[in-house]
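Quick notes on the structure that follows.
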Number of protein chains: 2
Amino acid sequence: MDAIEIPDSIRCDLEGKGGIAGIAGSLPADRKIGAIVLVARALSDPVRVKVLFALFMQPMCVCLLVAMTGYAYSKMSYHLSVLKDGGLVCARQEGNYLIYYPTDLGRRVALWTRVTAHPNRC
Amino acid sequence: MDAIEIPDSIRCDLEGKGGIAGIAGSLPADRKIGAIVLVARALSDPVRVKVLFALFMQPMCVCLLVAMTGYAYSKMSYHLSVLKDGGLVCARQEGNYLIYYPTDLGRRVALWTRVTAHPNRC
DNA sequence: AAGCTATTTCAAAGCTATTTGAAACCACAA
DNA sequence: TTGTGGTTTCAAATAGCTTTGAAATAGCTT
């Protein structure tokens, strides 16, 4: 069925898994993959990673984040919206202030990355 | 020192943590944040997430990945290089073939995302 | 060496993400 | 209701990522 040359070291294992089609068929559903991508995109900029960690240590209003980083409000607001889209942070209103804090997922991500991600070789 | 209005619900906690400067000073180092960003970027495209999961199930040469997805070689090669830059996959040469497989970090990421990332509300 | 296959690299094109400053919005106080 | 502070939204400009096909590289076989 797989009319393709396959290196010996792989052919056997691959056939045991149903060939290319078997692998393709066992991949996570597109919805699941989309969710992962959304989270990853939210973390794909150093500004946002910093903000997530900061909020993990202490929920803050936008003005504090702005004071802490020196960025413009509109810039901070944009990055917060990306973090929100990824489901990593959310906000509650308190008087005039919007206080951002990490979601459950945001906290798990912060904990996990703090411990796990490191430059690594092959 | 923090000459800024701060909502009451936060002022106390924040001062206990050394104020804005205290939080900023406890953030992970730039190198660490850069490493996280690199991993996140690698996962920020559905093609790459799919490829990582596929390789997690079965190490494969590029021609198999191409056969499985229908993408052009140059496209697959580009995405593999981004995954490699993020430290999520690496390759061994076998005759004419390059066989890609997940690194340790790649495997941990695949396991973790499979279980953890999901669309979530506030 | 020549020819073949597997893969990467390159540059141009198209597309998406980010930054910026100005304007709009919203909750509260006067 | 008008004013004020905190925040978001918008549009234009910029920067960065992804796709494409063609050309280059690298290992095998003859």
Side-chain angles (χ1 to χ4, degrees), chain A residues 2-11 14 20 34 37-51 55 59-86 89-101, chain B residues 2-11 14 20 34 37-51 55 59-86 89-101:
Chain A
D2 299 335
I4 193 184
E5 296 288 325
I6 295 175
D8 288 344
S9 69
I10 286 178
R11 180 167 23 227
L14 182 59
I20 291 176
V37 166
L38 225 51
V39 171
R41 264 211 244 288
L43 290 169
S44 68
D45 184 299
V47 173
R48 293 193 290 265
V49 174
K50 235 174 259 182
V51 168
L55 294 177
M60 286 189 256
C61 56
V62 182
C63 53
L64 276 176
L65 289 168
V66 161
M68 184 175 85
T69 60
Y71 299 137
Y73 269 94
S74 59
K75 182 171 171 171
M76 186 56 73
S77 195
Y78 167 71
H79 286 293
L80 285 168
S81 82
V82 178
L83 282 167
K84 201 155 53 171
D85 289 348
V89 309
C90 52
R92 64 172 186 270
Q93 186 130 15
E94 234 171 73
N96 228 341
Y97 298 93
L98 262 181
I99 301 198
Y100 279 87
Y101 57 96
Chain B
D2 298 335
I4 194 185
E5 296 287 325
I6 296 175
D8 288 344
S9 69
I10 285 178
R11 183 169 18 230
L14 182 58
I20 291 175
V37 165
L38 227 49
V39 171
R41 260 212 247 291
L43 290 168
S44 68
D45 184 298
V47 173
R48 294 193 289 264
V49 174
K50 234 175 259 183
V51 168
L55 294 178
M60 285 189 256
C61 56
V62 182
C63 53
L64 277 177
L65 289 168
V66 161
M68 184 176 84
T69 59
Y71 299 137
Y73 269 93
S74 59
K75 182 171 172 172
M76 186 56 71
S77 197
Y78 166 72
H79 287 293
L80 285 168
S81 80
V82 178
L83 282 167
K84 201 156 53 171
D85 289 348
V89 309
C90 51
R92 63 171 188 271
Q93 187 129 16
E94 233 171 73
N96 227 342
Y97 299 93
L98 262 180
I99 302 198
Y100 278 87
Y101 58 96

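No hydrogens, no waters, no symmetry mates; every other heavy atom, side chains included, goes into these values.
The strand DNA chain D forms stems, runs of 3 or more Watson-Crick or G-U wobble pairs with distances below 3.5 Å, at C:1-30 with D:1-30.
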Expected list for residues 67-79 of chain B: side-chain donor-acceptor pairs under 3.5 angstrom, two or more places apart:
from: B:Thr69; atom 1: OG1; to: B:Leu65; atom 2: O; distance (Å): 2.8
from: B:Thr69; atom 1: OG1; to: B:Tyr71; atom 2: N; distance (Å): 3.2
from: B:His79; atom 1: ND1; to: B:Arg48; atom 2: NH1; distance (Å): 3.1

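Residues passing the side chain to side chain contact (heavy atoms under 4.5 Å, CB included) test with A:Ile10, sequence neighbours excluded: A:Ile6, A:Pro7, A:Leu14, B:Gln58, B:Leu64, B:Ile99.
Regarding contacts with the backbone of C:dT16, every side-chain N or O of A:Arg41 stays at 4.0 angstrom or more from both OP1 and OP2. The phosphate of D:dC17 has neither OP1 nor OP2 within less than 4.0 Å of any side-chain N or O from B:His79. Residue A:Tyr100 places at least one side-chain N or O closer than 4.0 Å to OP1 or OP2 of D:dT8.
Residues A:Val89 and A:Tyr101 form no side-chain contact, since every pair of their non-hydrogen atoms from C-beta on lies 4.5 Å or further apart.
Within 4.0 Å (heavy atoms only), B:Tyr97 reaches sugar-phosphate atoms of the nucleic acid but no base atom. At a threshold of 4.0 angstrom between heavy atoms, the contacts of A:Tyr71 with the nucleic acid are absent.
Nearest heavy atoms, B:Ala91 versus B:Leu98: CB-CD2, 4.0 Å.
The distance between atom CD1 of B:Ile6 and atom P of D:dG6, rounded to the nearest whole Å, is 11 Å. Rounded to an integer number of Å, the gap from CG of A:Asp45 to P of D:dC17 is 10 Å.
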| note | The contact string for nucleotides 20-30 of chain D, one letter per nucleotide 5' to 3', using protein heavy atoms under 4.0 Å with B, S and - for base, sugar-phosphate only and none, comes out as BBB----BS--

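Which of C:dT7, D:dT8, D:dT7 sits closest to the side chain of B:Cys63 comes down to C:dT7.
How far CG of B:Leu83 is from SG of B:Cys90: 11.0 Å, rounded to the nearest 0.5 Å.
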